[in-house]
Amino acid sequence: MKAGLTILLVSFISGIATLRGQDKAFVYWENLPGEQKNGVLSSSATLKDAIHYYNGKFKPSDDERTFRFLDSLTRSNNYMRGNETAFYFFVFNDIFMKSDGALAEVMGGYCLQVIVNAPGYVISYLADKENLRKLYAMRLGYEFYFKEKGTSDLKYSFKEFKTLLSSKLSRDKKYDRFLNLFYTEIQGAMQGMD
């Protein structure tokens, strides 16, 4: 009986520790060993345009092929696939940072979709990437501004976005600090549009 209680207690404590350290378990492309990257790149399940982009054989533009690719790249089921998730997130961020002109103008909506798909994953990554975080905030701020003016077909308003993230995240302190800063940056971008 005592041994059973000890095992139960250790299992319970381990479960709590796992939940608290969940963000440390996230896998990002930059941290994957070469053989795991090769596995993703050689998989028939991996989006071909993502592989072409990664290998420098596809240059996104403001055309139908790019929009179909971004739709596929940001599809929610692509953010539950382990190493493929890491690859798609890496490719998305690379495109996101390099986009300009008409392509940059539509990236805010895709950015929103990526965050909504895997908020903990994205936030844990952005927490250490100040320039990327600020770019996400700026592009989201522009989109939310136009949503409030009634000229954007963005799925969520800024208020709805915050509510959605609150419901998807555990509201652990590790997210609170980031979210407060991120929301302030988004609001700053929105106010800068007036």
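- At a threshold of 4.5 Å between non-hydrogen side-chain atoms, the residues Phe178 and Arg133 count as touching.
- Of all heavy-atom pairs spanning Tyr142 and Met193, the tightest one is CD2-SD, 3.3 Å.
- Taking the side chain as every heavy atom from C-beta outward, Phe67 and Asp62 approach each other to under 4.5 Å.
- Side-chain atoms of Tyr28 come within 3.5 Å of backbone atoms of Tyr121 as a donor-acceptor pair (strictly under, hydrogens ignored).
- Proximity of Met107 to Leu70: side-chain heavy atoms (C-beta onward) are separated by under 4.5 Å at one or more points.
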Under the side chain to side chain contact (heavy atoms under 4.5 Å, CB included) criterion, do Leu47 and Val91 qualify, and how do the steps go?
-> CA-CA 11 Å; Leu47 294 172; Val91 168; over 6 Å; no

So Glu143 and Lys147, salt bridge (charged side-chain N to carboxylate O under 4.0 Å, His left out) or not? Walk me through it.
-> CA-CA 6 Å; Glu143 286 296 327; Lys147 177 72 172 177; over 6 Å; no

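- Under the 30°/60° scheme for interplanar angles, the aromatic rings of Phe161 and Tyr183 are found to stand perpendicular.
- Phe89 has its side chain out of reach of Phe26: every pair of non-hydrogen atoms, C-beta onward, lies at least 4.5 Å apart.
- Ring planes of Phe182 and Tyr136: tilted class, angle from 30 to 60°.
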Side chain to side chain donor-acceptor pair (under 3.5 Å) between Tyr53 and Asp94, intermediate numbers included | CA-CA 10 Å; Tyr53 175 81; Asp94 198 60; 2.5 Å; yes

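- The closest side-chain heavy-atom distance from Asn131 to Met97 is not below 4.5 Å.
- By the 4.5 Å heavy-atom criterion applied to side chains, Leu154 and Phe146 are not counted as neighbours.
- Contact annotation: the side chain of Tyr125 approaches that of Asn93 to within less than 4.5 Å [non-hydrogen atoms, C-beta and beyond].
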